[in-house]
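Report on one structure; see the data block that follows.
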Amino acid sequence: MPADRSSTGQLGEDAAAGYLSRRGCEIITRNWRANPGEVDIIAECTQRAGGEKTLAFIEVRTRHGERGTAEESISPRKAANMTSAAYAYMAAHGLDPETTPWRIDLVAIAMRGPNIVAIDWIQNALEG
């Protein structure tokens, strides 16, 4: 892994944002912080069946030759913090989590050397 983890993470987040945009998601904000927790990308994604929009809170995991899957790298604490941040975002924007369609997704970026070799978008990766 390169010495600078933050630039690898930024590369992964940029790739994820582009990937999501190409698949019909509108990026609302990036690196939204709440106490506790942070969400890498918040996007509004259109469901193909019916065209309903869903608010997606997206964690990006960039893996560089490490063992284990991106899903396994999300600790129970991280999952709880993401859920708390999602609720905080909705509260801050006057959205009711009972009536607003929303989910927590994961975008896994696999790298080999300096190259991105795979992007995997896992919808509903965490229970909200």
Residues 78-88 vs salt bridge (Lys or Arg N to Asp or Glu O under 4.0 Å), sequence neighbours excluded, gives Glu59-Lys78

Under the side-chain contact (heavy atoms from CB on, under 4.5 Å) rule, what do Val107 and Asp120 come out as? Steps first, then yes or no, please. CA-CA 6 Å; Val107 174; Asp120 189 19; over 6 Å; no

Compare every heavy atom of [Y] with every heavy atom of [X], then report the nearest pair and how far apart it is.
X	Y	value
Thr62	Gly12	OG1-CA, 3.3 Å
Ala85	Gly37	CB-C, 4.1 Å
Ile27	Ala17	CD1-O, 4.0 Å
Ala43	Ile58	CB-CD1, 4.1 Å
Glu13	Asp40	OE2-OD1, 3.3 Å

So ring-ring contact (aromatic ring centres under 6.0 Å, His included) across residues 7-31, not counting sequence neighbours, yields none

Quick one: side-chain contact (heavy atoms from CB on, under 4.5 Å) partners of Ile42, sequence neighbours excluded? Ile28, Thr29, Trp32, Val39, Leu55, Phe57, Tyr89

Tell me, please, which residues at least two apart from [X] pass salt bridge (Lys or Arg N to Asp or Glu O under 4.0 Å).
X	answer
Asp14	Arg30
Glu38	Arg33
Asp105	Arg103

Do the non-hydrogen side-chain atoms of Thr54 and Gln123 ever get within less than 4.5 Å of each other?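 In short, these two side chains do not touch, never coming nearer than 4.5 Å.
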
Step through the shown structure and confirm whether more than 12 heavy atoms of other residues, nucleotides or ligands are within 6.0 Å of CG on Asn115. yes

For Leu106 and Leu126, run side-chain contact (heavy atoms from CB on, under 4.5 Å): C-alpha distance rounded to whole Å, both residues' side-chain angles, the deciding distance at 0.1 Å, then the answer. CA-CA 8 Å; Leu106 171 66; Leu126 302 176; over 6 Å; no

Straight-line distance of [X] [atom1] to [Y] [atom2], nearest 0.5 Å:
X	Y	atom1	atom2	answer
Ile104	Thr83	CD1	OG1	3.5 Å
Arg23	Ile119	CZ	CD1	7.5 Å
Leu95	Tyr87	CG	OH	12.5 Å

Does the side-chain contact (heavy atoms from CB on, under 4.5 Å) test come out yes or no for Val60 and Ile41, once each step is laid out? CA-CA 8 Å; Val60 179; Ile41 298 172; 3.9 Å; yes

